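Reviewing the structure listed below.
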Amino acid sequence: MEQIYFGERIAAYRKEQGLTQEGLAQMLGVTNQAVSKWESDQCCPDIMLLPALADVFHVTMDELFGRAASEQRFVPAEKQEDTVYVDGLPWPDDEDLRAVCYVGHRLVDHVDVPGRKMGLGGLLHINIGGGDGVELHFSGTVRDIHSAFGVVVKDSTIAGDVRADDGVECGDVGGSVTAGDGVTCGDVGGSVAAGDGVNCGSVGGSVQAGDGVNCGNVEGSVQAGDSIRCGNIGGNARAEDIVCAAIGGDAQADRIISGGKR
(Lines give C-alpha, C1' and ligand atoms only; values in the text may rest on other atoms or scores of the structure.)
Protein backbone atom coordinates (compact mmCIF):
# COMPACT_ATOMS: atom_id res chain seq x y z
CA MET A 1 0.00 0.00 0.00
CA GLU A 2 1.33 3.43 -0.95
CA GLN A 3 2.29 5.51 2.09
CA ILE A 4 0.67 8.93 2.36
CA TYR A 5 2.74 11.36 4.43
CA PHE A 6 1.20 13.86 6.82
CA GLY A 7 2.20 16.82 4.66
CA GLU A 8 0.51 15.32 1.59
CA ARG A 9 -2.66 14.81 3.61
CA ILE A 10 -2.68 18.45 4.75
CA ALA A 11 -2.21 19.61 1.14
CA ALA A 12 -5.00 17.33 -0.10
CA TYR A 13 -7.48 18.49 2.56
CA ARG A 14 -6.53 22.14 1.93
CA LYS A 15 -7.22 21.81 -1.80
CA GLU A 16 -10.46 19.95 -1.09
CA GLN A 17 -11.65 22.99 0.89
CA GLY A 18 -10.57 25.35 -1.94
CA LEU A 19 -7.97 27.07 0.24
CA THR A 20 -4.60 28.47 -0.79
CA GLN A 21 -1.60 28.11 1.50
CA GLU A 22 -2.02 31.79 2.34
CA GLY A 23 -5.72 31.33 3.14
CA LEU A 24 -5.01 28.39 5.43
CA ALA A 25 -2.19 30.30 7.13
CA GLN A 26 -4.52 33.26 7.84
CA MET A 27 -7.19 31.03 9.34
CA LEU A 28 -4.68 29.41 11.69
CA GLY A 29 -2.68 32.53 12.53
CA VAL A 30 0.60 31.22 11.09
CA THR A 31 2.85 32.22 8.19
CA ASN A 32 2.62 30.99 4.59
CA GLN A 33 6.10 29.53 5.04
CA ALA A 34 4.89 27.41 7.95
CA VAL A 35 2.12 25.84 5.84
CA SER A 36 4.59 25.24 3.00
CA LYS A 37 6.97 23.45 5.38
CA TRP A 38 4.14 21.28 6.74
CA GLU A 39 3.10 20.19 3.27
CA SER A 40 6.68 19.41 2.23
CA ASP A 41 7.18 17.44 5.48
CA GLN A 42 10.01 19.70 6.63
CA CYS A 43 8.22 20.06 9.96
CA CYS A 44 4.84 19.36 11.58
CA PRO A 45 2.21 21.76 12.95
CA ASP A 46 2.37 22.60 16.63
CA ILE A 47 0.25 20.13 18.59
CA MET A 48 -2.00 22.97 19.80
CA LEU A 49 -2.90 23.76 16.16
CA LEU A 50 -4.07 20.25 15.30
CA PRO A 51 -7.68 20.63 16.56
CA ALA A 52 -8.06 23.92 14.63
CA LEU A 53 -6.54 22.29 11.54
CA ALA A 54 -9.07 19.44 11.74
CA ASP A 55 -11.89 21.98 12.17
CA VAL A 56 -10.85 23.93 9.09
CA PHE A 57 -10.81 20.73 7.01
CA HIS A 58 -14.10 19.46 8.56
CA VAL A 59 -12.46 16.15 9.49
CA THR A 60 -11.92 14.23 12.71
CA MET A 61 -8.52 13.98 14.35
CA ASP A 62 -8.42 10.33 13.26
CA GLU A 63 -8.92 11.34 9.63
CA LEU A 64 -6.30 14.07 9.93
CA PHE A 65 -3.77 11.41 10.94
CA GLY A 66 -4.90 8.97 8.25
CA ARG A 67 -6.77 6.60 10.54
CA ALA A 68 -10.16 5.13 9.69
CA ALA A 69 -12.88 7.60 10.64
CA SER A 70 -15.14 6.58 13.49
CA GLU A 71 -18.04 8.40 11.89
CA GLN A 72 -18.91 9.67 8.43
CA ARG A 73 -17.46 13.08 7.69
CA PHE A 74 -19.98 15.90 7.30
CA VAL A 75 -20.31 17.06 3.69
CA PRO A 76 -22.45 20.12 2.86
CA ALA A 77 -25.37 19.38 0.54
CA GLU A 78 -23.96 21.50 -2.28
CA LYS A 79 -20.77 19.39 -2.32
CA GLN A 80 -22.52 16.02 -2.43
CA GLU A 81 -22.15 14.53 -5.92
CA ASP A 82 -24.08 11.28 -5.40
CA THR A 83 -27.53 10.67 -4.01
CA VAL A 84 -27.58 8.16 -1.14
CA TYR A 85 -30.51 5.76 -1.09
CA VAL A 86 -31.42 3.99 2.17
CA ASP A 87 -33.44 0.77 2.36
CA GLY A 88 -36.00 -0.01 5.03
CA LEU A 89 -37.45 3.48 5.48
CA PRO A 90 -41.08 3.68 6.72
CA TRP A 91 -42.45 5.49 3.65
CA PRO A 92 -42.86 4.72 -0.06
CA ASP A 93 -40.20 5.60 -2.65
CA ASP A 94 -42.10 8.58 -4.05
CA GLU A 95 -41.36 12.24 -4.81
CA ASP A 96 -42.74 13.66 -1.55
CA LEU A 97 -40.53 15.86 0.63
CA ARG A 98 -39.88 14.59 4.16
CA ALA A 99 -37.86 15.91 7.09
CA VAL A 100 -36.14 13.22 9.14
CA CYS A 101 -34.14 13.07 12.34
CA TYR A 102 -31.45 10.46 12.99
CA VAL A 103 -29.42 9.76 16.13
CA GLY A 104 -26.43 7.85 14.79
CA HIS A 105 -27.95 5.29 12.38
CA ARG A 106 -31.27 5.20 14.26
CA LEU A 107 -34.22 6.95 12.66
CA VAL A 108 -35.93 8.83 15.50
CA ASP A 109 -38.88 10.34 13.66
CA HIS A 110 -40.05 11.79 10.35
CA VAL A 111 -42.77 14.05 9.01
CA ASP A 112 -44.16 14.86 5.57
CA VAL A 113 -43.66 18.50 4.62
CA PRO A 114 -46.58 19.68 2.46
CA GLY A 115 -46.60 23.21 3.85
CA ARG A 116 -45.04 25.45 6.47
CA LYS A 117 -44.39 25.60 10.21
CA MET A 118 -44.54 21.96 11.16
CA GLY A 119 -42.91 20.22 14.10
CA LEU A 120 -41.08 16.91 14.41
CA GLY A 121 -40.94 15.55 17.96
CA GLY A 122 -39.81 18.95 19.26
CA LEU A 123 -36.61 18.65 17.21
CA LEU A 124 -37.37 19.99 13.75
CA HIS A 125 -39.35 23.15 13.14
CA ILE A 126 -40.18 23.34 9.44
CA ASN A 127 -40.87 26.67 7.78
CA ILE A 128 -40.72 25.87 4.07
CA GLY A 129 -41.08 28.98 1.96
CA GLY A 130 -40.79 31.29 4.95
CA GLY A 131 -38.02 33.68 5.83
CA ASP A 132 -36.50 31.42 8.50
CA GLY A 133 -36.15 28.24 6.43
CA VAL A 134 -35.81 24.88 8.19
CA GLU A 135 -34.41 24.79 11.72
CA LEU A 136 -33.25 22.01 14.04
CA HIS A 137 -34.40 22.75 17.61
CA PHE A 138 -32.90 20.62 20.35
CA SER A 139 -32.71 20.50 24.13
CA GLY A 140 -31.04 17.91 26.30
CA THR A 141 -27.65 16.20 26.39
CA VAL A 142 -25.83 16.18 23.06
CA ARG A 143 -22.22 15.69 21.91
CA ASP A 144 -21.99 16.79 18.26
CA ILE A 145 -24.60 18.27 15.94
CA HIS A 146 -24.35 17.88 12.15
CA SER A 147 -27.27 19.56 10.40
CA ALA A 148 -28.23 20.48 6.84
CA PHE A 149 -30.61 23.00 8.46
CA GLY A 150 -30.28 25.93 10.82
CA VAL A 151 -29.62 24.92 14.45
CA VAL A 152 -31.34 26.41 17.52
CA VAL A 153 -30.09 24.84 20.78
CA LYS A 154 -30.72 27.31 23.59
CA ASP A 155 -31.17 25.11 26.66
CA SER A 156 -28.17 22.79 26.34
CA THR A 157 -24.41 22.80 26.55
CA ILE A 158 -22.91 21.07 23.50
CA ALA A 159 -19.85 19.02 24.41
CA GLY A 160 -18.53 18.60 20.86
CA ASP A 161 -18.88 20.41 17.52
CA VAL A 162 -21.77 22.11 15.74
CA ARG A 163 -21.86 22.06 11.94
CA ALA A 164 -24.81 23.53 10.06
CA ASP A 165 -25.49 24.58 6.49
CA ASP A 166 -27.51 27.52 7.83
CA GLY A 167 -27.35 29.65 10.99
CA VAL A 168 -26.57 28.53 14.55
CA GLU A 169 -28.05 29.79 17.83
CA CYS A 170 -26.84 27.97 20.92
CA GLY A 171 -25.28 28.20 24.36
CA ASP A 172 -21.75 27.09 25.20
CA VAL A 173 -19.97 24.77 22.76
CA GLY A 174 -17.05 22.60 23.86
CA GLY A 175 -15.74 22.08 20.33
CA SER A 176 -15.97 24.22 17.21
CA VAL A 177 -18.84 25.85 15.30
CA THR A 178 -19.13 25.90 11.51
CA ALA A 179 -22.17 27.59 9.94
CA GLY A 180 -23.26 28.63 6.47
CA ASP A 181 -24.96 31.69 7.96
CA GLY A 182 -24.56 33.62 11.21
CA VAL A 183 -23.56 32.27 14.64
CA THR A 184 -24.93 33.45 17.99
CA CYS A 185 -23.67 31.43 20.95
CA GLY A 186 -21.94 31.42 24.31
CA ASP A 187 -18.32 30.41 24.89
CA VAL A 188 -16.69 28.22 22.23
CA GLY A 189 -13.82 25.90 23.09
CA GLY A 190 -12.61 25.54 19.49
CA SER A 191 -12.85 27.75 16.41
CA VAL A 192 -15.79 29.52 14.77
CA ALA A 193 -16.35 29.80 11.00
CA ALA A 194 -19.51 31.53 9.74
CA GLY A 195 -20.82 32.73 6.40
CA ASP A 196 -22.34 35.76 8.13
CA GLY A 197 -21.73 37.52 11.45
CA VAL A 198 -20.52 36.01 14.74
CA ASN A 199 -21.76 37.01 18.19
CA CYS A 200 -20.35 34.88 20.99
CA GLY A 201 -18.42 34.74 24.24
CA SER A 202 -14.79 33.71 24.46
CA VAL A 203 -13.29 31.55 21.69
CA GLY A 204 -10.52 29.00 22.25
CA GLY A 205 -9.49 28.90 18.58
CA SER A 206 -9.80 31.29 15.65
CA VAL A 207 -12.79 33.17 14.21
CA GLN A 208 -13.62 33.65 10.54
CA ALA A 209 -16.80 35.50 9.58
CA GLY A 210 -18.33 36.84 6.39
CA ASP A 211 -19.69 39.84 8.32
CA GLY A 212 -18.89 41.40 11.69
CA VAL A 213 -17.51 39.71 14.80
CA ASN A 214 -18.58 40.59 18.36
CA CYS A 215 -17.05 38.35 21.00
CA GLY A 216 -14.95 38.06 24.12
CA ASN A 217 -11.32 36.98 24.13
CA VAL A 218 -10.07 34.98 21.12
CA GLU A 219 -7.04 32.72 21.52
CA GLY A 220 -6.34 32.51 17.77
CA SER A 221 -6.77 34.90 14.85
CA VAL A 222 -9.86 36.82 13.76
CA GLN A 223 -10.86 37.58 10.17
CA ALA A 224 -14.10 39.44 9.46
CA GLY A 225 -15.79 40.84 6.35
CA ASP A 226 -16.87 43.90 8.34
CA SER A 227 -15.87 45.02 11.85
CA ILE A 228 -14.31 43.26 14.84
CA ARG A 229 -15.40 44.10 18.40
CA CYS A 230 -13.82 41.84 20.98
CA GLY A 231 -11.47 41.49 23.93
CA ASN A 232 -7.95 40.15 23.53
CA ILE A 233 -6.91 38.54 20.24
CA GLY A 234 -4.05 36.07 20.51
CA GLY A 235 -3.23 35.92 16.79
CA ASN A 236 -3.71 38.18 13.78
CA ALA A 237 -6.71 40.39 13.09
CA ARG A 238 -8.09 41.43 9.69
CA ALA A 239 -11.25 43.50 9.11
CA GLU A 240 -12.45 46.88 7.88
CA ASP A 241 -12.63 48.20 11.43
CA ILE A 242 -11.09 46.74 14.61
CA VAL A 243 -11.82 47.66 18.23
CA CYS A 244 -10.33 45.32 20.81
CA ALA A 245 -8.36 45.20 24.04
CA ALA A 246 -5.09 43.86 22.59
CA ILE A 247 -3.75 42.01 19.55
CA GLY A 248 -1.02 39.40 19.81
CA GLY A 249 -0.19 39.25 16.09
CA ASP A 250 -0.47 41.56 13.10
CA ALA A 251 -3.52 43.72 12.40
CA GLN A 252 -4.91 44.94 9.06
CA ALA A 253 -7.81 47.38 9.00
CA ASP A 254 -8.84 50.87 7.88
CA ARG A 255 -9.20 51.81 11.56
CA ILE A 256 -7.68 50.08 14.59
CA ILE A 257 -8.42 50.94 18.21
CA SER A 258 -6.48 48.65 20.52
CA GLY A 259 -4.65 48.65 23.81
CA GLY A 260 -1.57 47.30 22.02
CA LYS A 261 0.20 43.96 21.94
CA ARG A 262 -0.75 41.16 24.31
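Fair warning: this is a prediction, and the values are worked out from it, not measured in the lab.
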Rounded to the nearest 0.5 Å, what's the gap from [atom1] on [X] to [atom2] on [Y]? Could you check?
X      : Y      : atom1 : atom2 : answer
Ile10  : Leu24  : CD1   : CG    : 8.0 Å
Ile242 : Ile233 : CD1   : CD1   : 6.0 Å
Glu219 : Met48  : CD    : CE    : 8.5 Å
Ile228 : Cys244 : CD1   : SG    : 7.5 Å
Asp41  : Glu8   : CG    : CD    : 7.0 Å
His146 : His58  : NE2   : NE2   : 10.5 Å

So which heavy atom on [X] is nearest to which on [Y], and how close?
X      : Y      : result
Ser176 : Gly190 : OG-CA, 3.4 Å
Ala245 : Ser258 : O-OG, 3.7 Å
Leu64  : Leu50  : CD2-O, 3.8 Å
Ser191 : Asp55  : N-OD2, 4.0 Å
Tyr13  : Val59  : CE2-CG1, 3.7 Å
Asp161 : Gly175 : OD1-CA, 3.2 Å

Compute whether any side-chain donor of one residue and acceptor of the other, for Thr20 and Glu22, lie under 3.5 angstrom apart.
->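 Checked: Thr20/Glu22 side chains show no N/O donor-acceptor pair below 3.5 Å.
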
Is it true that the side chains of Ser36 and Gln33 contain a donor and an acceptor less than 3.5 Å apart?
->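 Distance-only check fails for Ser36 and Gln33.
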
Side-chain heavy atoms of [X] within contact of [Y], under 4.5 Å:
X      : Y      : answer
Gln17  : Phe57  : yes
Val173 : Asp187 : no
Cys43  : Trp38  : yes
Val35  : Val30  : yes
Arg14  : Glu39  : yes

Path from Leu53 to Leu19 over hydrophobic side-chain contacts below 4.5 Å |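 In one cluster with Leu53: Leu19, yes.
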
Do the side chains of Ile257 and Val213 join up, straight or via other hydrophobic residues, at under 4.5 Å, putting them in one cluster?
->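 Different clusters: Ile257 never reaches Val213 through Ile, Leu, Val, Met, Phe, Trp or Tyr contacts under 4.5 Å.
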
Using atom types as modelled, flag every donor-acceptor pair under 3.5 Å from a side chain in residues 203-210 to any protein atom, sequence neighbours excluded.
{"unit_1": "Ser206", "atom_1": "OG", "unit_2": "Met27", "atom_2": "O", "d": "3.1"}
{"unit_1": "Ser206", "atom_1": "OG", "unit_2": "Ser221", "atom_2": "N", "d": "3.1"}

Pair Asp241 + Arg229, salt bridge at N-O below 4.0 Å |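 Yes, Asp241 and Arg229 are salt-bridged.
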
Stepwise, does the side-chain contact (heavy atoms from CB on, under 4.5 Å) test hold for Val168 with Thr184?
-> CA-CA 6 Å; Val168 172; Thr184 300; over 6 Å; no

Between the main-chain N or O of Gly23 and the side-chain N or O of Gln26, is there a donor-acceptor pair closer than 3.5 Å?
->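 No; zero donor-acceptor contacts below 3.5 Å.
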
Backbone of Gly249 reached by a side-chain donor or acceptor of Asn236 within 3.5 Å |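 Here the side-chain-to-backbone pair does not exist.
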
With Arg163 as reference, evaluate Thr178, Ile145, Val177 under the side-chain contact (heavy atoms from CB on, under 4.5 Å) test and give the passing residue.
->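 Only one of Thr178, Ile145, Val177 forms a side-chain contact (heavy atoms from CB on, under 4.5 Å) with Arg163, namely Thr178.
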
